[in-house]
Engineer: 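The structure is given below, and queries will be raised subsequently.
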Amino acid sequence: MNIYTTITEVRQAVADARATGRGPIGFVPTMGALHAGHGRLVETAAARCGFVVVSVFVNPTQFGPGEDFAAYPRTLVEDAARCEAAGAAAIFAPSVAEIYPQPGLAQVHIQALGETLCGASRPGHFTGVCTVVGKLFNIVGPDQAFFGAKDFQQAAIIRRMAADLNFPVEIVVCPTVREPDGLAMSSRNRYLTPPQRAAAPALFRSLQAAATAIRERRPAANDVRAAIQAQLADELPEGDVDYIELVDPHDLRNVQTTDRPVLIALAVRLGKARLIDNIVVD
C-alpha cells in the first residue's frame, strides 16, 4: 500500500489502476484517527471495488471557532496499518496547503439539509464538509464512496450534493459500528475519561428506549424527545445536551408524529467530547 501526499501522485495512481483493470475505484474519506468503524468502511469498499483509496485529511474549513482542529488526533502511522489490513490500496494524506493552496473563493453549500441538527449548532460545518468532499471527489475520481450511518446527516448531504452537482459517484452508506456496550465508535471517544466512557452508552440506550416506545405506542414526537431528555438527565447527568430531534430520514425535516419512518438523532457534549448518535425507526 502506498501513501501519496500530492494531488498529482494520487491521480496518477488511480489512472494506473484503471488502465490495468483494477477498477472500480472505491474511496473512503476520513480525518484520520481511524478506529474499527473506519476499518469496516474500508473492508466494505475493498469487497466491492478493485482499488480503494482512503483520504486522511483533517479539514480546517469544517471546524468552527473554539473547536478542536488543533487538538484533533493525527495518527498516520497507525492509520496506515489499519487501512492496509482492511484492504486499502492507497492513502491520500495531503497537507492543508496541498488542498487549499490559496484562499478559497468557491464553496459548496447544501441548503435546508445542512441547516438543521448538527448544522444548526455548528454553523458553516457542512459547507466545509461539502467543499472538501467535492474537492476530493474531483481529485480521486471514485466510482463509489463510502460513509458511515453514524454521521447520518453528513451522508444525506453528500448524497444530495453528488446528485445535484452530477458527480459520477455512488454514495454507499454503511451501518454504524458500535462498541460491545452500544457506544457508537468515534475518533472523539478518545477524549473521554474512564468514568465518562463508562457512562457514554446511555446515549444509545436512550435511543433504543425511544425506538421501542415508537414501535409500541406511536407517541407524539415531543413526548419522545422529553423521554429521551429525562433518561439522559438520569443516566448521564454530566452530559450537556446539544439537541434531541425527530426528523424525516429523507429530508431531515422535523416531524410531529411518529406514525411513519423517523430518524431520532441527538448530540451531547460530555467533557471534551461532542458525541452524536442516531437510530432510524421504520
Engineer: Taking C-beta and beyond as the side chain, do Val140 and Ser55 meet within less than 4.5 Å on heavy atoms?
Structural biologist: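 Contact flag for Val140/Ser55 side chains = no.
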Engineer: Are Leu117 and Leu270 connected in the hydrophobic side-chain network, where two residues link if heavy atoms are under 4.5 Å apart?
Structural biologist: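 No, Leu117 does not connect to Leu270 through the hydrophobic network.
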Engineer: Any chance you could measure Thr131, atom OG1, to Met161, atom CE, to the nearest 0.5 Å?
Structural biologist: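 Taking OG1 in Thr131 and CE in Met161, the distance rounds to 8.5 Å.
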Engineer: With a 4.5 Å limit on heavy-atom distance, are the side chains of Gln154 and Val133 in contact?
Structural biologist: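 Answer no - side chains too far apart.
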Engineer: How close do Glu238 and Ala199 get, counting heavy atoms only, and between which atoms?
Structural biologist: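 Between these two residues, the closest heavy atoms are OE2-CB, 3.9 Å.
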Engineer: Quick one: does any side-chain atom of Asp79 pair with a main-chain N or O of Ala33 as donor and acceptor, under 3.5 Å?
Structural biologist: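 Answer holds: yes.
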Engineer: Looking at Val224, Leu207, Leu266, which one forms a side chain to side chain contact (heavy atoms under 4.5 Å, CB included) with Ile244?
Structural biologist: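 The option that passes is Leu266.
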Engineer: Are Pro29 and Phe147 close enough that some pair of their side-chain heavy atoms sits under 4.5 Å apart?
Structural biologist: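 Pro29 reaches Phe147 side chain to side chain.
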Engineer: Looking at Phe69, does the NZ or CZ of Arg74 lie under 6.0 angstrom from its six-membered ring centre and within 45 degrees of the ring axis?
Structural biologist: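 Yes, Arg74 lies over the aromatic ring of Phe69.
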Engineer: For the hydrophobic clusters of this structure (ILVMFWY residues joined by side-chain heavy atoms under 4.5 Å, transitively), does one cluster hold both Val96 and Tyr72?
Structural biologist: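 Result: no, two separate clusters.
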Engineer: Taking Leu246 as the starting point, is it possible to reach Ile279 by hopping between hydrophobic residues whose side chains are less than 4.5 Å apart?
Structural biologist: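 Hydrophobic grouping puts Ile279 with Leu246.
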Engineer: Evaluate the side-chain proximity of Ser186 to Lys150: yes if any heavy-atom separation is below 4.5 Å, no if none is.
Structural biologist: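 A side-chain contact exists here, since the closest heavy-atom pair is under 4.5 Å.
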Engineer: Is the shortest side-chain N to carboxylate O distance from Arg274 to Glu67 below 4.0 Å?
Structural biologist: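 No salt bridge links Arg274 with Glu67.
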Engineer: Taking Asp282 for the side chain and Pro261 for the main chain, is one N or O donor matched with an acceptor at less than 3.5 Å?
Structural biologist: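 Absent.
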Engineer: Please report the closest heavy-atom contact between Arg225 and Glu245, naming both atoms and the distance.
Structural biologist: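 Heavy atoms only, the tightest pair is NH2-OE1, 3.7 Å.
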Engineer: Is there a side-chain contact between Arg218 and Thr257 (heavy atoms, below 4.5 Å)?
Structural biologist: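 They are not in side-chain contact.
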Engineer: Determine, stepwise, if the pair Arg197 / Asp181 fulfils salt bridge (charged side-chain N to carboxylate O under 4.0 Å, His left out).
Structural biologist: CA-CA 10 Å; Arg197 172 61 186 83; Asp181 58 9; 2.9 Å; yes
Engineer: Look at the side chain of Arg11 and the backbone N and O of Thr8, then say whether any donor-acceptor pair between them is shorter than 3.5 Å.
Structural biologist: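 Pair absent, no side-chain N/O of Arg11 close to backbone of Thr8.
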Engineer: Do Glu98 and Ser95 get their side chains close enough for a donor-acceptor pair, meaning under 3.5 Å?
Structural biologist: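 No, because no side-chain N or O of Glu98 sits under 3.5 Å from a partner of the opposite role on Ser95.
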Engineer: Sub-3.5 Å donor-acceptor pair from the side chain of Gln153 to the main-chain atoms of Thr116, do we have one?
Structural biologist: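 Yes; judged by distance alone, with no hydrogens or angles, the pair exists.
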Engineer: Which distance, rounded to the nearest 0.5 Å, do you find between the SG of Cys130 and the CZ of Phe137?
Structural biologist: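 Atom-to-atom, Cys130:SG and Phe137:CZ are 9.5 Å apart.
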Engineer: What I'd like to find out is whether the side chain of Met31 reaches to under 4.5 Å of the side chain of His38, using heavy atoms alone.
Structural biologist: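 A side-chain contact under 4.5 Å is absent here.
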Engineer: Please round to the nearest 0.5 Å and tell me the distance separating atom CG of Leu113 and atom CG of Asp251.
Structural biologist: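 Interatomic distance, Leu113 CG to Asp251 CG, rounded to 0.5 Å: 7.5 Å.
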Engineer: Which is it for Val58 and Phe63 under the side-chain contact (heavy atoms from CB on, under 4.5 Å) test, yes or no, and what are the steps along the way?
Structural biologist: CA-CA 9 Å; Val58 184; Phe63 288 80; 3.9 Å; yes
Engineer: Which heavy-atom pair separates Gly239 from Val268 by the least distance, and what is that distance?
Structural biologist: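 Heavy atoms of Gly239 and Val268 come nearest at CA-CG1, 3.9 Å.
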Engineer: Quick one: pull up CD1 in Ile158 and CZ in Phe126 and give me the separation to the nearest 0.5 Å.
Structural biologist: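 It is 9.0 Å, given to the nearest 0.5 Å.
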Engineer: How far apart are the closest heavy atoms of Cys174 and Phe146, and which atoms are they?
Structural biologist: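 In terms of heavy atoms, the two residues are closest at SG-CD2, 4.2 Å.
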Engineer: Is it the case that more than 12 heavy atoms not belonging to Arg18 sit under 6.0 Å from its CZ atom?
Structural biologist: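 Yes, the 6.0 Å shell around CZ holds more than 12 heavy atoms from other groups.
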Engineer: So, Asp277 and Arg178, do they make that salt bridge, N to O below 4.0 Å?
Structural biologist: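 Looking at Arg178 together with Asp277, the answer is yes, because their closest N to O distance falls below 4.0 Å.
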Engineer: If you measure from CG on Leu203 to CD on Gln208, what distance do you get to the nearest 0.5 Å?
Structural biologist: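 Those atoms lie 11.5 Å apart.
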Engineer: For Leu236 and Ala200, which heavy atoms make the closest approach, and how far apart are they?
Structural biologist: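 Of all heavy-atom pairs spanning Leu236 and Ala200, the closest is CD1-N, 4.3 Å.
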Engineer: Just do the side-chain contact (heavy atoms from CB on, under 4.5 Å) check on Asp68 and Tyr191 with the steps written out, would you?
Structural biologist: CA-CA 11 Å; Asp68 59 340; Tyr191 294 163; 2.7 Å; yes
Engineer: With distance as the sole test, does Lys135 use its side chain to make a donor-acceptor pair with the main-chain N or O of Ile99 at under 3.5 Å?
Structural biologist: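 It does hold such a pair.
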Engineer: Is it true that the side chains of Tyr100 and Asn59 contain a donor and an acceptor less than 3.5 Å apart?
Structural biologist: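 Yes, a side-chain donor-acceptor pair sits under 3.5 Å.
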Engineer: How far does OG1 of Thr30 sit from CD1 of Ile91, to the nearest 0.5 angstrom?
Structural biologist: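 So the gap between those two atoms works out to 8.0 Å.
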Engineer: Which heavy atom in Gly87 sits nearest to a heavy atom in Val52, and how many Å separate them?
Structural biologist: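 Reported closest heavy-atom pair: O-CB, 4.4 Å.
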Engineer: Hey, are the side chains of Leu263 and Leu252 touching, using non-hydrogen atoms and a 4.5 Å cut-off?
Structural biologist: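 Touching, per the 4.5 Å side-chain cut-off.
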Engineer: Under a 3.5 Å distance rule, please check whether Thr258 uses its side chain to pair with a backbone N or O of Ile214 as donor and acceptor.
Structural biologist: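 Side chain of Thr258 to backbone of Ile214: no pair is present.
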Engineer: Give a yes or no on whether the backbone of Ala149 and the side-chain of Asn278 come within a donor-acceptor separation of less than 3.5 Å.
Structural biologist: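 Yes.
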Engineer: Run Asp248 and Arg260 through side-chain contact (heavy atoms from CB on, under 4.5 Å) and show every step you take.
Structural biologist: CA-CA 8 Å; Asp248 185 297; Arg260 55 179 172 169; 4.1 Å; yes
Engineer: Under a 4.5 Å side-chain heavy-atom rule over Ile, Leu, Val, Met, Phe, Trp and Tyr, are Phe51 and Val172 clustered together?
Structural biologist: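 No, Phe51 does not connect to Val172 through the hydrophobic network.
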Engineer: Report the C-alpha separation of Val54 and Val42 in whole Å, then their side-chain angles, then the decisive distance to 0.1 Å, and conclude whether the side-chain contact (heavy atoms from CB on, under 4.5 Å) test is met.
Structural biologist: CA-CA 8 Å; Val54 178; Val42 178; 3.7 Å; yes
Engineer: Side chains of Cys83 and Met1: closer than 4.5 Å at any heavy-atom pair?
Structural biologist: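 Yes, close enough: below the 4.5 Å cut-off.
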Engineer: Val56, Phe27: one ILVMFWY side-chain cluster at the under-4.5 Å cut-off?
Structural biologist: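 No: no chain of side-chain contacts under 4.5 Å links Val56 to Phe27.
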